[in-house]
Amino acid sequence: MQSSDVKHRMIDGVVAVRNSFAWREANRHYRDSNDNSQARQRKSMATIGYLTTTLFDFGAIKSLKNEVDALGIRRPLLVTDPGVEAAGIVAKVLAQLDGVAVTVFAKTPANPTEEAVIEGVASYRRGNCDGVIALGGGSPIDLAKGVALAATHAEPLETYAAIRNGVGKITASVAPVIAIPTTAGTGSEVGRGALINLSNGSKLALISPHLIPKRAICDPELTLGLPPVLTAATGVDALTHCIETYLSPLVNPPAEAIALDGAYRAWHFIKRATENGSDREARWEMMMAALEGGMTFQKGLGAVHSLSHAAGALRQPTLHHGMLNGVFLPHILRFNADSVGKKYDKLREVFGLDAKADLAAAVSDLIKSLGLPLTLGQMGFEEKHIAETVKRALADHSNATTPRKASAEEFEALLRAAL
Ligand SMILES: [Zn+2]
């Protein structure tokens, strides 16, 4: 490690956190977990895996060249989108790669598509590339994972979709990915999944430990210029990841501790980051919350994401994933209330709420204070979209880990209540 890197916080398997809520609460949380009715029903073996080496701090981007070299990448494909390029962030990254033959693919659409994966693979081949650098929000990072897979696996993309039993078909030959997030939200920089819209209109999840980026370079400096509405919406996505993975019934206490720590940071810093984008402390905390949300994906999400994925798959209107989560989260918290043991007590404590406070109402208040919509109607979603959204929500992979499974009728009622 060069001296310039010494100050970077290295996270490899163990999370080194400042003001660590997780540490402070560890003993009490352990006791509460053992009281928890979910935990008492333990029947399945725990599967716990932390794989991505993460470099985290202001200026972390300066270590990019070292990491490219360490992974033996000689000719990377840089996958990004036009917004990131226009913001000057691509130029900042390329400046770190002096002397490296980089091919730039800056055509990631708002939601990654199979067509874009095919185009990206063509660029990968033209540049004779041997690795991928993903730069941007969730879409470029997901697209980069799709390209890293499709460039090294022969079958059509759909073959590898989780819902088509494709998880086991994804092998270690996936091209190495270095992820550099420019928003604090998706956590895709350490996630094992990628959501891609296929040419046939369906939205499918590619899920495999081999899709987890080999490195995540989290530099809060890159988020300083993010506008308030995107800061709020992506931040709510991070908060939702932490809450939903915490509530998932899968057995994974380390992931739960990380989820609570991330929820604490997101809850206490999202407003500051939204109101003052140049608040460096708040930007650092939100990026850590997003990273921690991503580290807990292995526990699985829940019905908020089933609904957000479903409504987000509409061609028209195009709805923002984080905003959708903000609308659905209070409704699902009410829906799940009797299926989560004592976990809401813990969340109230983490958020600094009164022991008897209405958790769902407190979440609504936060969403409102951020200036985000509280109803689907405010976002342009209409009654005519309900049937299609229910169908998609029922088929979503997040239902597998939700604390209370919703029927078609219940999803419909939830959507009507959120309308
Ligand atoms: Zn999400």
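As the structure is a computational prediction, the values presented were derived from the model and not from experiment. Numbering of ligands and ligand atoms starts at 1, following listing order.
- Under 2.8 Å from the Zn ion (ligand 1), one finds the following protein N/O/S atoms: D237 OD1, H241 NE2, H305 NE2, H321 NE2.
- Between the side chains of S173 and T171, at least one donor N or O sits under 3.5 Å from an acceptor N or O.
- Under 4.0 Å is where a charged nitrogen must lie from a carboxylate oxygen, and between K92 and E221 no such pair does.
- Side chain to side chain, T245 and T296 meet the donor-acceptor criterion of an N or O pair below 3.5 Å.
- Using a 4.0 Å cut-off between charged side-chain N and carboxylate O, R265 and D261 make a salt bridge.
- Using a cut-off of 4.0 Å between Lys/Arg side-chain N and Asp/Glu carboxylate O, R348 and D345 are scored as salt-bridged.
- Salt-bridge formation is detected for the pair E349/K346: a Lys NZ or Arg NE/NH1/NH2 atom is positioned less than 4.0 Å from an Asp or Glu carboxylate oxygen.
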